[in-house]
Amino acid sequence: MINAEKWEHKTYELTCISPIHVGNGEVLKQYEYIFTKDRNQQRVYFLDKAKWMNFLIRHHLIDDYASQVFSGKMNLRGWLQAQRLGSLATIIREICVSSADVYLVRDVKQRLNDIHRQVKTPDGTPYIPGSTLKGAIRSAILFHDIRQHPDDYRLFWSRIKAAMKARERDRYDKQMGHLVQAIERKAFTRLKQYKNQPDDALQSVMKGLSVSDAMLVGHERDTVILQKYDVSAVCREGLDGHSLALFRECIPAGRKFRFSMTLDRDIAKRIGITTLDDIWQWVRDYLAFGLAQEKAVFGHEYKGKFEESKLADIRLGGGTGFLTKTVYYALAPKEEGRTVLAEFFDKVLFTRRSCHHHMTKDDKLTPRTLKLAWVHDDCQILGLAAVKEVTSC
């Protein structure tokens, strides 16, 4: 039995308010999935790798398949139909493990580009890793500590400004790497249990929090493929929405997951945490801060979307934007933070690519972009989820 004075353990249910993408690092090329399209539906079918290889061997198609792949013009659906091995539906049932509806901002003639995969269990069920949840929580705790003790972090802001004026990217990366380590050490390295071992992980208060993987509730494990869509706010030009040729496999809105958290109170109190409820309040505060920055720029045009975001407790996954991955604006005075970051983007980060002109076009927020997902001709702010405690029966 858990010692309630030392440990707190709770189970939670997470509901996706909008699509969430947690990538597994795999990117599928056009010859690694089947894309079907008719008047009412567009769908991607994912190959079972073992069954696919057996299919190619059985029909003596490996050499021809490889030749088409190396030609750079492979369309798997068209290639399979050209082999005249039966109906496409029958082949799909034989060689595919799962599927996903496709929602595009604008139509395509025949095929998608590369698809960034969602992390899944071995049987193809999407889930949200505990490391993803804990990473978001960790950012929220750091944000809270900076806001509660600004004087303790003021020197770091001066050093960040100096690093951002570096004209060589390698020099910047090195300086910022050291600064990030120093900031995180300041916030989290508060245990003195291992005096002869300088490992930050051993000394971190994050040792006091365990977060399990969030596993799917129910049997609906199909995912969706969404095209990247950004809305930019350009000084004196208004809002500009544009899609990009980047496609992500996402967990659809409405899906529910269960996970648990365990808190070691003796360790967590070193950073001011006494209960799991404290943590969730800090997570909500961090989310609200980021959304408020975006709402100030995009709120008039997307009022309904920001109203919907009030239901959320956390923002997770890829494609959610700069503000969800950084505590930069907690460290920086708002206006100074925008101008310094805009100069950094233009003069250091994007010097080798087409310049986005942040210094002249970002009059309210840097970067000036809202990340959206389009489903059924409507858009949502990516990555939002609600979390509630599940009481045991």
Side-chain angles (χ1 to χ4, degrees), residues 11-29 32-38 40-55 76-77 88-104 112 114-134 136 211-228 246-260 312-320 373-376 378 380 382-388 390:
T11 300
Y12 297 93
E13 183 173 88
L14 181 149
T15 302
C16 300
I17 294 175
S18 62
I20 293 175
H21 168 75
V22 182
N24 67 355
E26 182 182 11
V27 180
L28 294 184
K29 301 295 183 180
E32 295 177 297
Y33 60 84
I34 300 172
F35 175 46
T36 66
K37 177 182 177 183
D38 57 35
N40 299 316
Q41 186 182 53
Q42 299 178 95
R43 198 164 184 82
V44 160
Y45 295 88
F46 299 110
L47 301 175
D48 181 305
K49 294 180 180 179
K51 292 180 179 179
W52 173 234
M53 183 56 62
N54 288 334
F55 178 88
L76 190 52
R77 173 189 174 183
L88 183 63
T90 301
I91 295 173
I92 286 172
R93 285 194 296 270
E94 180 181 350
I95 65 175
C96 294
V97 64
S98 62
S99 62
D101 286 332
V102 178
Y103 297 97
L104 304 179
L112 304 175
D114 298 351
I115 295 176
H116 296 252
R117 295 298 307 274
Q118 163 70 32
V119 65
K120 296 181 179 180
T121 62
D123 70 351
T125 302
Y127 74 102
I128 300 173
S131 58
T132 297
L133 290 161
K134 191 171 181 178
V211 185
S212 75
D213 294 339
M215 307 308 295
L216 184 68
V217 176
H219 303 288
E220 293 183 291
R221 65 180 195 173
D222 283 357
T223 50
V224 293
I225 306 297
L226 303 180
Q227 186 175 11
K228 179 177 173 63
L246 189 154
F247 303 88
R248 297 185 178 96
E249 182 185 11
C250 300
I251 301 168
R255 297 290 161 83
K256 297 181 182 295
F257 297 81
R258 290 280 178 95
F259 68 99
S260 62
D313 298 295
I314 194 168
R315 200 168 177 182
L316 297 167
T320 52
W374 281 85
V375 182
H376 295 302
D378 192 17
Q380 292 177 296
L382 263 176
L384 297 174
V387 177
K388 68 176 183 179
V390 178

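Not measured: the values here are computed from a predicted model.
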Cation-aromatic face contact R117/F46, 6.0 Å, 45 degrees | yes
Just verifying a value: how many Å separate [X] [atom1] and [Y] [atom2], rounded to the nearest 0.5 Å?
X    : Y    : atom1 : atom2 : result
C250 : H116 : SG    : NE2   : 11.0 Å
I128 : I314 : CD1   : CD1   : 9.0 Å
E32  : L76  : CD    : CG    : 9.5 Å
D313 : L14  : CG    : CG    : 8.5 Å
K49  : N54  : NZ    : CG    : 14.5 Å

In the structure I gave you, are the side-chain heavy atoms of [X] and [Y] within less than 4.5 Å of one another anywhere?
X    : Y    : result
D222 : S99  : yes
I251 : F257 : yes
I20  : L382 : no
L316 : L384 : no
I95  : I34  : yes
Y45  : T36  : yes
M215 : T121 : yes

Would V22 and Q118 satisfy side chain to side chain contact (heavy atoms under 4.5 Å, CB included), going step by step from the backbone distance to the final call?
-> CA-CA 5 Å; V22 182; Q118 163 70 32; 3.9 Å; yes
Any ion pair linking K256 and E220 (charged N to carboxylate O, less than 4.0 Å)?
->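 Judged by the 4.0 Å cut-off on N to carboxylate O distance, E220 and K256 do not form a salt bridge.
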Flag the pair E13 and R255 as a salt bridge only when some basic side-chain nitrogen lies within less than 4.0 angstrom of an acidic carboxylate oxygen.
-> no
Is there a side chain to side chain contact (heavy atoms under 4.5 Å, CB included) between Y103 and V224 once you walk through the steps?
-> CA-CA 7 Å; Y103 297 97; V224 293; 3.8 Å; yes
Test log, rule side chain to side chain contact (heavy atoms under 4.5 Å, CB included), inputs I115 and R248 = CA-CA 6 Å; I115 295 176; R248 297 185 178 96; over 6 Å; no
Specify the closest pair of heavy atoms between P19 and A373, including all atoms of both residues, with the distance to one decimal.
->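 In this case the closest contact between P19 and A373 is CG-CB, 4.2 Å.
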Residues V119 and N24: closest non-hydrogen pair is CA-CB, 3.7 Å
Using a 3.5 Å distance criterion without hydrogens, assess whether the side chain of [X] forms a donor-acceptor pair with backbone atoms of [Y].
X    : Y    : value
Q380 : I17  : yes
T223 : E249 : no
R258 : V390 : no
D114 : V27  : no
D48  : C96  : no
D123 : T125 : yes

Kindly determine whether F35 and Q42 satisfy side chain to side chain contact (heavy atoms under 4.5 Å, CB included), including the steps that lead there.
-> CA-CA 7 Å; F35 175 46; Q42 299 178 95; 3.6 Å; yes
Sub-6.0 Å ring centroid separation between F259 and Y12 | yes
